[in-house]
Amino acid sequence: MSETLKNHIQKFVPLSDADFGQILPFFKTIEARKKENLLREGNICHSNYFVARGCLRLYFVNEKGVEQTVQFALENWWLADYTSFSAQKKSDYYIQAIEKSEILSIDFSSQEKLLKDFPLMERYFRLIHQRAHAAYQLRVRNLYSISREELYHQFSQLFPEFVQRIPQYLLASYLGFTPEYLSEIRKKKFLKPV
């Protein structure tokens with residue numbers, strides 16, 4: 001599991017084995033069961049999670065009691081409620097393992113110390129957040145500029161493995177429509193003449 005994190009960091013910043021040996025103790029290993037909540041609404045998000053294996057999701061429950069998925073994190077992705085994590089205030093979100101997951105977590109104070117002691121990790125996290133922010137901007141733009149059907153087709157072309165792996169009701173929640181509508185879109189795709 002630690003090798004996965006090391007390889008990911010090295011994609012963004014130069015990292016020696018010696019430095020990684022000093023960085024690794026900042027992290028804790030978590031094995032999350034399917035549907036286990038790592039964060040619940042109303043609690044403080046104390047940790048930033050790196051997915052070594054498995055999948056997590058960030059979601060909230062809307063005023064109608066419907067779960068609305070905001071973000072997924074597959075292998076080599078980070079996930080936290082960054083508003084809660086950075087301010088150490090109560091969260092409006094849940095973080096849940098969608099499948100059995102192996103995670104490396106770092107708590108807020110440990111991350112602050114890590115960034116102070118290892119400036120290259122400050123650069124690593126900045127680059128990670130820039131990429132995540134750019135992906136978020138694209139998602140929001142697409143939500144406003146293309147049809148729901150186009151949104152699904154674009155997403156399934158970009159992430160075909162992901163579409164097969166994630167339960168359809170969660171994918172529908174993430175894309176902003178009902179599972180029934182997703183089912184209709186998928187039926188149309190299979191019924192189209194070739």
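All heavy atoms count here, side chains included; hydrogens, waters and symmetry mates do not. Owing to the predicted nature of the structure, the values given are computational and were not obtained by experimental measurement.
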Return the [atom1] to [atom2] distance between [X] and [Y], rounded to the nearest 0.5 Å.
| X | Y | atom1 | atom2 | answer |
| --- | --- | --- | --- | --- |
| L175 | T69 | CG | OG1 | 9.5 Å |
| L115 | R126 | CG | CZ | 12.0 Å |
| N37 | Q96 | CG | CD | 5.0 Å |
| S110 | I23 | OG | CD1 | 13.0 Å |
| I128 | H133 | CD1 | NE2 | 15.0 Å |
| N7 | L15 | CG | CG | 10.0 Å |

Fellow cluster residues of [X], listed by chain then number, with links counted only when side-chain atoms sit under 4.5 Å apart:
| X | result |
| --- | --- |
| V140 | Y136, Y144 |
| V61 | Y59, Y94 |
| Y93 | I30, L38, L39, Y49, V51, L56, L58, F60, V70, L79, I95, I103 |

For residues [X] and [Y], determine if any side-chain heavy atom of one lies less than 4.5 Å from a side-chain heavy atom of the other.
| X | Y | result |
| --- | --- | --- |
| I146 | Q154 | yes |
| F85 | S91 | no |
| R186 | Y152 | yes |
| E36 | K100 | no |
| P167 | I98 | yes |

Transitive ILVMFWY side-chain link I166 to V66, under 4.5 Å: no

L158 with L171, same ILVMFWY side-chain cluster at under 4.5 Å: yes

Is there a donor-acceptor contact under 3.5 Å from the side chain of [X] to the main chain of [Y]?
| X | Y | answer |
| --- | --- | --- |
| E112 | S109 | no |
| S173 | Y169 | no |
| S101 | G54 | no |
| S156 | H153 | yes |

Residues, nucleotides or ligands: over 12 heavy atoms within 6.0 Å of R131 CZ: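 Incorrect, the count does not exceed 12.
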
Contact summary for S2 and L104, nearest pair of heavy atoms: CA-CD1, 4.2 Å

Shortest non-hydrogen contact between S47 and S105, atoms and distance: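 Heavy atoms only, the tightest pair is CB-CB, 4.1 Å.
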
Residue pair S147 / E150, side-chain donor-acceptor N/O under 3.5 Å: yes

Got a sec, which pairs hit salt bridge (charged side-chain N to carboxylate O under 4.0 Å, His left out) with one end in [range], sequence neighbours left out?
| range | value |
| --- | --- |
| residues 82-94 | none |
| residues 154-169 | E75-R165, E99-R165 |
| residues 57-67 | R57-E67 |
| residues 37-55 | R53-E102 |

Name of the residue among W78, Y124, F26 meeting ring-ring contact (aromatic ring centres under 6.0 Å, His included) with F50: W78

Could you pull out all residues at least two apart from [X] that satisfy ring pair (Phe, Tyr, Trp, His ring centres under 6.0 Å)?
| X | value |
| --- | --- |
| F162 | F72, F155 |
| Y181 | F177 |
| Y82 | H129 |

side-chain contact (heavy atoms from CB on, under 4.5 Å) partners of H46, counting only residues at least two apart: I44, Q88

Under the salt bridge (charged side-chain N to carboxylate O under 4.0 Å, His left out) test, residues paired with D117 that sit two or more places apart: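 K113.
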
